[in-house]
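This chain uses plain numbering: 1 for the first residue, then up along the sequence. Order of listing sets the numbers, starting from 1, for every ligand and every atom in it.
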Amino acid sequence: MNPELYPWLVSAWSQLQGRRANLPHALLIQGRPGLGKTALARLFAQRLLCEGPVGGDLPCGECAACLWFEQGNHPDFRILEPEALSAAEAEPRATEGEPRKREGEAASRQIRVDQVRELQDFLAIGTHRGGLRVVVVRPAEAMNVATANALLKSLEEPPPKTAFLLVSSAPDRLLPTVRSRCQRIAVAPATTAEAAGWLRARGLQDAEAALAYAANAPLAALEDAEERAVRDSLVAGRLAGGSRDALELADACQGIAPARVILWLQKWIVDLVLARTAGSIRYHQRHASALRALAGPLVLERLLRFERSLVEAAAVAQHPLNPRLFLEDVFLRYAQIWEASSG
Ligand SMILES: [Zn+2]
């Protein structure tokens, strides 16, 4: 079975093909979030490792190397990513109220320096299959200074037959010394037409609206659509109707990871701020008049303070000790935005 190349990645893919004949030690694949840059890096890694008939642009999907790769155990491939990401993929939907499988310390959202040390052990030996060895680092901005400096040694004196593929939505946050070691591949944003066509082919109604909500990132729009019913019950069913009952609002978010709820609430607040400051509504066009009515009596300073508090909430939303209480607390503070202005 051949892996999928998303239609908006075709141009970045052909740039990558162009580098294959004279492969640099490190490539930096950069572009906006939600485009599938990691999927692109993985597909390119698989193509580099593929042992099938020479010639095709895509990996053959049938040789031993491709089968190992697809099962996640190719011996010459490594992916360096924060533990929180690997954990999230192993368990994509956190169920509210259910105790988390991982007790104690939350999984790291950074790439730790000992992960780079383990990688160096892997780089110290020859390749298993005699071909290339490929390392994907994603997102590269999850490396702190210590981690980046540890990796830099391998980028400066690359082991033979090794290709590093760094993936980043925020290349400005990388150490300049890391950036300068990489050749860049820019992933252009999807056009609305191609992204909407792709979403419709996946059975998504209202693809344009879904894209607008997801800031034009097609993969985020698809993920979002799966949660649409719950989001509608929160946003259209309650927030737009003026509900500020923290318990009822938390009830409406049953079964959704708190980090997603915080993201929805952040977008709702952006629109409340825009409605209050007479700008145009960005995410919730359908609720423009409700937003203006809700925003009318608000004290802008309180609204902005709540918006800032959501940034802090987002930082702990991956692993709150008690998801239900965490959300109730956030919604209580949401209700308080109005209390001050009505008194
Ligand atoms: Zn193959």
Item to check | Listed once per pair and sorted, the salt bridge (Lys or Arg N to Asp or Glu O under 4.0 Å) pairs that draw on residues 151-168, sequence neighbours left out | outcome: none
Checklist entry - Shortest non-hydrogen contact from Ala295 to Leu272? => result CB-O, 3.7 Å
Checklist entry - the Zn ion (ligand 1): which protein N, O or S atoms are under 2.8 Å away? => result Cys50 SG, Cys60 SG, Cys63 SG, Cys66 SG
Checklist entry - Please, which pairs that meet side chain to side chain donor-acceptor pair (under 3.5 Å) have at least one residue in residues 10-26, sequence neighbours excluded? => result Gln17-Arg20, Arg19-Gln183
Next on the checklist: Over 60° means perpendicular and under 30° means parallel, so tell me whether Tyr334 and Phe306 are parallel, tilted or perpendicular.
Outcome noted: tilted
Checklist entry - Which pairs, with at least one residue in residues 220-245 and sequence neighbours excluded, count as a ring pair (Phe, Tyr, Trp, His ring centres under 6.0 Å)? => result none
Item to check | Residues Arg112 and Thr147: side-chain donor-acceptor under 3.5 angstrom | outcome: no
